[in-house]
Chemist: 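Please see the structure below; I have some questions.
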Amino acid sequence: MRAAVLEAYGEPLRIESIPRPDPDAHGVVVDVEACGVCRSDWHSWMGHGEWADDQVPIGQVLGHEPAGVVADVGERVETLAPGDRVAVPFNLGDGSCSQCVSGHGNVCEDGYALGFKEAAPGAFAEAVHVPHADYNAVSLPDDVGFEEMAALGCRYVTAFHALAHRVDVDAGDWVAVHGCGGLGLAAVQVASALGAGVVAVDVRDDPLAFAVDVGATETVDASDTDDVPGAIETLTDGGAHVSIDALGRAETCRNSVESLRSRGDHVQLGLTTDAERGEVSLPIDAMTRWDVSFHGSRGMPPTRYDELLRTLEAGRLDPGALVSNRVALEDVSDRLAAMTEYDTSGIEVVTEF
Ligand SMILES: [Zn+2]
Ligand SMILES: [Zn+2]
């Protein structure tokens with residue numbers, strides 16, 4: 001089968017013919033119909049992450065936001081059958097450790113990330129293997145398209161988990177979103193659906209306009225604003241209740257923390273670049289003084305997808321509205337290179353394999 005393989009950091013992925021996977025006893029093989037291209041792929045492609053012992057190995061098949069159709073089923077799989085339409089969370093759990101059984105499979109003790117580890121080749125390929133598939137694969141309603149399903153693989157569920165589970169967003173709260181790439185736009189849409197007013201922050205016109213289309217009530221153009229936290233404090237009459245760094249740079253992380261009102265919650269979603277190497281200095285005395293909380297958040301437990309699916313079925317969320325571009329497997333390298341220049345907008349999805 002065809003797959004896009006990481007041959008050297010920062011160099012074009014090579015389209016190779018590799019063996020199609022066979023399902024292990026608890027796994028399924030999914031024919032990939034769509035797979036999002038995400039900034040996490042870009043981090044992998046750039047070779048980031050060695051500072052957290054998280055560098056993707058050379059030879060990896062990238063791609064971690066797949067949606068598709070179950071093709072082959074392992075003999076111990078109980079709940080899935082060929083033909084089932086599924087999305088696959090990138091945060092694969094074993095379904096049996098103390099975190100998984102208590103509902104926190106996104107931080108499984110034995111978990112690993114699809115498309116980032118040698119043991120879990122990714123979905124920039126015609127087919128992808130899903131381990132512990134009864135636990136990890138999420139069956140989806142017939143009326144959700146594959147492109148929408150791909151948007152559910154990582155960025156959209158990460159935004160939903162952050163805002164619906166990690167912090168408590170109430171109707172009427174102000175939520176600030178720093179960085180309006182695919183993840184940030186998903187956060188804007190989810191926060192708006194939860195009843196919050198949303199301030200979207202970016203340095204580019206198109207993503208800010210996109211943010212307004214999906215629910216932002218206010219925007220701050222950080223390219224011509226010296227004091228972003230001050231601008232947010234003014235717009236929200238005292239600061240955001242919840243603020244998200246959806247980009248992962250020192251400036252956006254710090255701006256996010258500083259744009260909170262007393263007792264506010266910051267949620268870190270963006271991973272840092274090689275400029276920060278996982279470290280950002282923060283005003284911890286002020287955070288202490290004002291009861292400000294800092295949360296990390298990653299993915300979403302597969303066992304909580306039903307909440308998201310109900311909001312989709314009720315028509316209150318529309319991840320398909322974030323899909324801005326459909327590309328072929330050969331185009332992935334170009335789209336990753338475009339991310340280096342922050343020259344993408346919305347969620348781009350591979351639909352031709
Ligand atoms: Zn587990
Ligand atoms: Zn992703």
Side-chain angles (χ1 to χ4, degrees), residues 4 6 26-27 32 34-46 48-49 54 56 60-67 87-117 119-120 122-124 128 130-138 147-162 179-187 190 244-248 268-273 297-305 308 319 322-325 327 332 335-336 338-339 344 346-350:
L6 177 67
H26 293 278
V32 182
C35 183
V37 184
C38 177
R39 186 158 288 278
S40 297
D41 297 308
W42 176 81
H43 283 296
S44 301
W45 179 65
M46 293 291 285
H48 292 166
D54 200 24
V56 167
Q60 182 74 31
V61 179
L62 301 178
H64 60 277
E65 302 187 350
V88 183
F90 73 93
N91 44 249
L92 300 169
D94 59 8
S96 58
C97 75
S98 63
Q99 294 291 354
C100 285
V101 298
S102 60
H104 306 290
N106 60 315
V107 291
C108 173
E109 292 164 10
D110 303 312
Y112 45 84
L114 180 71
F116 298 95
K117 297 289 181 193
F124 290 152
V128 65
V130 183
H132 301 288
D134 284 325
Y135 183 72
N136 289 308
V138 177
E147 293 171 13
E148 291 171 87
M149 290 159 70
L152 297 179
C154 160
R155 282 164 283 185
Y156 210 86
V157 295
T158 295
F160 187 85
H161 179 59
C180 292
L183 176 59
L185 290 171
V190 171
I244 286 181
D245 175 13
L247 186 56
Q268 186 66 35
L269 297 182
L271 296 172
T272 64
T273 71
S297 189
R298 175 180 183 269
M300 182 164 85
T303 45
R304 299 195 78 167
Y305 267 63
L308 176 57
L322 305 182
V323 176
S324 58
N325 195 13
V327 302
V332 171
R335 304 324 300 151
L336 293 174
M339 285 187 173
T344 59
I347 293 180
E348 303 195 333
V349 179
V350 182

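One-based numbering, in listed order, for ligands and for the atoms of each.
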Chemist: If I compare all heavy atoms of Gly182 with all of Leu322, which pair ends up nearest, and what's the gap?
Modeler: O-CD1, 4.4 Å
Chemist: Are Asp41 and His64 linked by a side-chain donor-acceptor pair shorter than 3.5 Å?
Modeler: yes
Chemist: Looking at the Zn ion (ligand 1), which N/O/S atom of Asp94 is the nearest one?
Modeler: OD1
Chemist: Mind reading off the angle at the Zn ion (ligand 2) between the SG atom of Cys154 and the OE2 atom of Glu65, rounded to 10°?
Modeler: 90°
Chemist: With a 4.5 Å limit on heavy-atom distance, are the side chains of Pro66 and Val130 in contact?
Modeler: no
Chemist: Compute the angle centred on the Zn ion (ligand 2) spanning NE2 of His64 and SG of Cys38, and express it rounded to 10 degrees.
Modeler: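 If I round to 10°, I get 110°.
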Chemist: Do the rings of Phe116 and Phe90 sit parallel, tilted or perpendicular, given the 30° and 60° boundaries?
Modeler: perpendicular
Chemist: Using the Zn ion (ligand 1) as the apex, give the angle to atoms SG (Cys108) and SG (Cys97), rounded to 10 degrees.
Modeler: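 Here the angle at the metal atom is close to 110°, to 10°.
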